[in-house]
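Below: the structure, in structure tokens.
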Amino acid sequence: ALFLAAMRERLAADASTRFFLATDDPDEEAEVKGQFPGRIITHAKRSYDRGDSAAIEDALIDLYSLAGCDAVIGTQGSSFSAVAADIRGIPLLSIYAD
């Protein structure tokens with residue numbers, strides 16, 4: 001819910017905003033795409049098994065795709081989000097859960 005709220009804020013500031021969603025959770029991906037139809041870009045995953053080399057390659061594609069954005073909305077303490085933001089020095093908005 002906190003991610004969705006942050007995304008809505010971005011859309012309120014700029015109605016043309018589109019998002020790259022980096023996730024390894026297919027249910028989360030479907031939910032976010034349903035909330036923001038036509039505004040979500042993803043990389044199709046070949047595997048969700050973190051021990052599978054295809055999943056690791058997919059994660060690397062997600063990382064660099066996310067780094068290509070204007071900003072990163074990430075989970076508190078997420079090294080994935082931090083590295084993506086650091087690659088190009090883009091802003092990182094960390095979402096803190098209570």
Side-chain angles (χ1 to χ4, degrees):
L2 296 173
F3 272 93
L4 299 177
M7 294 168 74
R8 284 188 187 92
E9 285 181 28
R10 285 281 193 174
L11 277 172
D14 180 356
S16 67
T17 299
R18 294 180 3 164
F19 302 94
F20 180 81
L21 178 64
T23 183
D24 60 359
D25 183 334
D27 294 331
E28 180 178 277
E29 181 176 322
E31 179 178 343
V32 174
K33 284 182 172 181
Q35 293 284 323
F36 300 96
R39 299 202 175 273
I40 305 299
I41 301 164
T42 58
H43 167 68
K45 305 301 184 285
R46 294 170 292 160
S47 173
Y48 291 100
D49 176 1
R50 291 182 180 196
D52 183 349
S53 62
I56 295 167
E57 291 169 4
D58 288 340
L60 187 60
I61 291 168
D62 274 359
L63 180 71
Y64 279 95
S65 297
L66 195 57
C69 296
D70 294 332
V72 175
I73 302 171
T75 307
Q76 171 188 0
S78 167
S79 58
F80 191 89
S81 299
V83 169
D86 284 348
I87 287 172
R88 285 192 40 250
I90 58 178
L92 171 62
L93 171 63
S94 291
I95 301 296
Y96 293 88
D98 291 337

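For clarity, every value in this text was computed on a predicted model and none was experimentally measured.
A 6.0 Å sphere centred on OH of Y64 holds no more than 12 heavy atoms belonging to other residues, nucleotides or ligands.
Residues T23 and E29 have side chains that never bring a donor and an acceptor to within less than 3.5 angstrom of each other. S81 and S78 share a side-chain donor-acceptor pair at under 3.5 Å. When only modelled atom types and interatomic distance are considered, K33 and T42 share a side-chain donor-acceptor pair under 3.5 Å.
The two residues S47 and A55 have their closest heavy-atom pair at O-CB, 3.5 Å. H43 and F20 make their closest contact through N-CE1, 3.9 Å (heavy atoms, listed as atom of the first residue, atom of the second, distance). Across all their heavy atoms, L66 and A84 have their closest contact at CD2-CB, 3.8 Å. Closest heavy-atom contact between D62 and A22: OD2-CA, 3.7 Å. The nearest pair of heavy atoms linking L11 to T17 is CD2-O, 3.6 Å. Across S16 and D14, no two heavy atoms sit closer than the pair OG-OD1, 2.7 Å.
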Applying side-chain contact (heavy atoms from CB on, under 4.5 Å), run through I41 and F19 and close with a yes or a no. CA-CA 6 Å; I41 301 164; F19 302 94; over 6 Å; no
Kindly determine whether V72 and L93 satisfy side-chain contact (heavy atoms from CB on, under 4.5 Å), including the steps that lead there. CA-CA 6 Å; V72 175; L93 171 63; over 6 Å; no
Check against side-chain contact (heavy atoms from CB on, under 4.5 Å), M7 and R39: CA-CA 10 Å; M7 294 168 74; R39 299 202 175 273; over 6 Å; no
Test side-chain contact (heavy atoms from CB on, under 4.5 Å) on T75 and Y96; report intermediate values, then the result. CA-CA 7 Å; T75 307; Y96 293 88; over 6 Å; no
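The distance from the CG atom of L21 to the SG atom of C69 is 10.5 Å, given to the nearest 0.5 Å.
Scored by the side chain to side chain contact (heavy atoms under 4.5 Å, CB included) test, D70 finds no partners at all (sequence neighbours excluded).
The backbone N or O of G89 lies less than 3.5 Å from no partner atom in the side chain of D86, so there is not a single donor-acceptor pair. Put simply, the side chain of R88 gets close to the backbone of A67: a donor and an acceptor are under 3.5 Å apart.
By the rule that hydrophobic residues join a cluster once side-chain heavy atoms approach within less than 4.5 Å of another member, L92 and I90 end up as members of one cluster. A single hydrophobic cluster is not seen to contain both I56 and F80; linkage of ILVMFWY side chains at heavy-atom distances under 4.5 Å, directly or through other members, places them apart. L4 and L2 fall within a single hydrophobic cluster, where Ile, Leu, Val, Met, Phe, Trp and Tyr side chains are chained together by heavy-atom contacts under 4.5 Å.
When I40, D27, D25 are each tested for a side chain to side chain contact (heavy atoms under 4.5 Å, CB included) with V32, only one passes: I40.
Using a cutoff of 4.0 Å between basic side-chain nitrogens and carboxylate oxygens, D52 and R46 are not scored as salt-bridged. Using a cutoff of 4.0 Å between basic side-chain nitrogens and carboxylate oxygens, D24 and R50 are scored as salt-bridged.
Using a 4.5 Å cut-off on side-chain heavy atoms (C-beta onward), F36 and R8 make contact.
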